[in-house]
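Throughout, protein chains are lettered first and strands after them, A, B, ... in sequence-line order, and every chain is numbered starting at 1.
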Amino acid sequence: MTREAAAEILNRIALLLELKGENPFKTRAYKMGAEIVESYAGDIMQLAAEEKLAGIKGIGDALRDKLHEMATTGKLEFYEKLKAEFPETLFELFEISGLGPKKIAALYTTLKVGSIADLKRVCESGEAAKISGFGDKTVAKILEGIAFREEHASEFRLDQVYALAQNILEALRGHPDVSRAEVCGSFRRGKEVVHDLDFLVSTKHPERVIGDFVKLPEVEKIIAQGGTKASVYASNGVQCDLRAVSSAEFPFALNYFTGSKEHNVMVRQRALDQGLSLNEYGFTVVGDHASTDMATVHEERDIYRTLGLDYIEPELRENTGEIEAAERGKLPRLIELENLRGVFHNHTTASDGKATLREMAEAARELGMQYLGIADHSKSSFQANGLHEDRLRAQIAEIRALNAEFDGHFHIFAGSEVDIHKDGTLDFDDGLLAELDYVVASVHSVFNLPEAEMTARIIRAIENPHVTMLGHVTGRLLAQRPAYAVNIPKIIDAAAANGTIIELNASAWRLDMDWRWWRLAKEKGVKCSINPDAHSTHGLQDVLFGVRAARKGWLTRSDVINCLPLGEVEEALRAKAKR
DNA sequence: GCCGTTTTCGGCCCGACTGTTTTCAGTCG
């Protein structure tokens with residue numbers, strides 16, 4: 001059993017125990033256990049199998065035995081019995097915003113609600129509103145939650161599909177009959193969520209490749225299988241499509257299936273204007289334009305060149321002006337992962353992170369970073385074990401000591417992710433903020449303010465001279481929780497006026513600020529910081545998702561503060577502090 | 001369920017907000 005599967009089972013046990021009204025500290029122990037299993041540095045399932053789990057904090061006798069059982073038998077009797085008491089679909093209900101274990105338990109015991117379909121029915125029929133503790137507003141909120149979930153049901157975050165896409169791509173590229181393979185579609189365009197994964201291969205033997213594709217270990221169910229294409233569901237529910245074309249067709253098919261549809265329409269129109277018809281198989285000459293120069297097309301780049309355009313990176317293909325820019329040679333040179341020199345906004349065990357300060361520093365160093373910014377939560381974020389003044393001061397001292405140890409080879413910046421209160425004041429006074437190397441200001445409470453009030457609240461924080469950057473501007477959780485109401489253009493103006501950086505939170509759950517706003521921010525002169533918001537050493541790698549989003553927002557390395565080498569970024573932070 | 005130790009039970013994380021309620025329960029961060 002994989003560690004992900006084991007962690008999932010522990011999490012589900014926690015949910016079911018909560019439903020049964022178990023001691024909340026017991027359910028928390030299971031949740032903690034799940035987190036440890038997910039993030040443990042080392043092969044925890046191997047250790048579990050060999051009964052070598054002793055001494056891991058948070059894993060006691062009970063969890064140790066359960067992990068051993070899962071690692072050796074592939075299942076857990078305790079869980080099998082527990083889940084047999086409830087319908088399998090019950091877990092869906094926990095995904096509805098506004099519903100917790102108590103309400104779910106009430107719905108289940110009084111009305112036998114065991115699925116979202118049941119839930120919708122009893123809310124609409126008026127039965128739910130009659131349950132003690134429920135009312136019209138509760139029911140309206142639940143229905144809103146259901147609607148949001150339905151609207152986003154087919155969306156997958158990048159953390160859910162990235163490894164899958166890489167694994168399948170690798171398998172395809174390793175196939176003896178495949179000469180070229182790519183992922184196309186919205187994944188290639190760097191969208192923040194995707195609906196499916198589209199793979200493309202060039203081959204002389206499509207039937208062999210397709211036959212092997214549907215037998216990949218990642219494949220759960222075959223939806224369709226033909227001579228040139230196949231569709232399957234992967235085990236995590238993501239639909240994966242494969243198309244096989246010839247080598248000559250490959251660049252055209254790659255371009256076509258990458259989209260976006262709107263971009264394709266514009267490109268085809270441009271081709272027509274030049275007497276060429278473009279489709280997923282190639283160019284054909286139309287009318288009397290027989291003399292058009294049809295350079296041989298080997299790469300996608302050649303298609304654009306034939307049409308008199310610079311190569312347009314996939315992330316830019318949204319028909320938002322990229323074709324005009326390509327025509328005039330004005331496309332930006334997009335940022336690349338390798339351009340990042342360091343990362344700001346990361347957490348440690350001091351608040352809700354899973355790795356210590358030293359572990360985070362070592363991990364960042366191993367990734368080739370020159371510096372690491374720590375920004376643990378501030379005191380108001382109780383749920384995240386936010387730091388009070390004394391603990392923050394102790395952390396600053398710890399960071400200074402570690403830096404002395406690094407002796408210039410690596411640097412840790414002492415920061416804080418300070419809560420923005422409802423009125424726009426910050427969680428620490430200016431004196432303490434001034435002791436820090438930098439400050440990330442974020443909203444973590446009172447999400448439901450009217451837009452004007454929320455905007456004013458955030459602008460007040462931006463105007464605090466100690467605030468270096470603004471954290472996750474809209475608070476959205478992709479496919480789970482909508483953004484709070486906030487006027488982004490006004491936020492951008494305020495950031496520009498105060499020299500405040502805006503974060504591009506690189507967590508696959510957030511990707512916030514959204515890529516659609518970065519061109520405006522860039523025009524106004526606002527700098528971006530691509531922040532992993534890492535809560536573990538592994539989380540540092542989320543910068544990958546952030547870079548994709550930044551590219552989609554037309555950003556170059558000079559727009560992104562953490563592309564600066566150590567000396568220059570120190571200078572930039574000092575300059576901001578002096579303003 | 002885990003942890004720690006004044007070695008075996010008692011503590012474990014707090015506050016705001018909302019909606020349902022007449023004093024609080026549930027949810028969220």
For nucleotides [N] and [M], find the distance between their [atom1] atoms and express it as a whole number of Å.
N       : M       : atom1 : value
dT8(B)  : dG1(B)  : C1'   : 15 Å
dG19(B) : dC13(B) : C1'   : 24 Å
dT20(B) : dT27(B) : P     : 13 Å
dA16(B) : dG11(B) : P     : 24 Å
dG10(B) : dT5(B)  : C1'   : 12 Å
dT21(B) : dG26(B) : C1'   : 13 Å
dT18(B) : dC9(B)  : P     : 45 Å

- Under 3.5 Å: donor-acceptor pair, side chain of N403(A), backbone of H411(A): no
With a non-hydrogen cut-off below 4.0 angstrom, is [X] in contact with a base, only sugar-phosphate, or nothing?
X       : answer
L10(A)  : nothing
S97(A)  : sugar-phosphate
P101(A) : sugar-phosphate

With the side chain defined as heavy atoms from C-beta on, K102(A) is closest, among dC2(B), dG26(B), dC12(B), to dG26(B)
With the side chain defined as heavy atoms from C-beta on, K57(A) is closest, among dT27(B), dG1(B), dC3(B), to dC3(B)
Rounded to whole angstroms, how far apart are [atom1] on [X] and [atom2] on [N]?
X       : N       : atom1 : atom2 : result
K130(A) : dT20(B) : NZ    : P     : 15 Å
L449(A) : dT18(B) : CG    : C1'   : 14 Å
I131(A) : dG26(B) : CD1   : P     : 13 Å
I142(A) : dT20(B) : CD1   : C1'   : 13 Å
H377(A) : dG15(B) : NE2   : P     : 18 Å
F382(A) : dC14(B) : CZ    : C1'   : 5 Å
Q383(A) : dA16(B) : CD    : C1'   : 11 Å
E35(A)  : dG1(B)  : CD    : P     : 18 Å

OP1, OP2 of [N] versus side-chain N and O of [X]: anything below 4.0 Å?
X       : N       : answer
K31(A)  : dG1(B)  : no
R28(A)  : dC13(B) : yes
N448(A) : dT18(B) : yes
T138(A) : dT20(B) : yes
K66(A)  : dG1(B)  : yes

With syn meaning chi within 90° of zero and anything else anti, the base of dT7(B) is syn
| query | So, does the side chain of D61(A) form a donor-acceptor pair with the base of dG1(B) at under 3.5 Å? | reply | no
Judged by nearest nucleotide, the residue sitting upstream toward the 5' end of DNA chain B, K141(A) or K103(A), is K141(A)
Between L99(A) and G135(A), whichever has its closest DNA chain B nucleotide further toward 5' is G135(A)
On a heavy-atom basis, the closest approach of S351(A) and L387(A) is CB-CD1, 3.8 Å
Tested for side chain to side chain donor-acceptor pair (under 3.5 Å) against N464(A), the lone hit among D430(A), N498(A), T500(A) is D430(A)
Exercise. Report, as yes or no, whether the 6.0 Å neighbourhood of atom CZ on R358(A) holds more than 12 heavy atoms from other residues, nucleotides or ligands.
Key: no
### Task
Tell me whether the guanidinium CZ or amine NZ of R548(A) lies under 6.0 angstrom from the six-membered ring centre of F187(A) and within 45° of its axis.
yes
*Report yes or no: is the cationic atom of R12(A) (NZ for Lys, CZ for Arg) closer than 6.0 Å to the six-membered ring centre of Y79(A), at no more than 45° off its axis?*
no
Start with the C-alpha gap between K379(A) and E389(A), add the side-chain angles, then the distance that decides, and say whether salt bridge (charged side-chain N to carboxylate O under 4.0 Å, His left out) holds. CA-CA 8 Å; K379(A) 59 190 177 189; E389(A) 286 79 356; 2.6 Å; yes
Could you say whether the aromatic ring of F25(A) and the base of dC12(B) stack, counting only centre distances under 5.5 Å and plane angles under 30°? yes
Answer for the Watson-Crick or wobble partner of dT8(B), both distances under 3.5 Å, is none
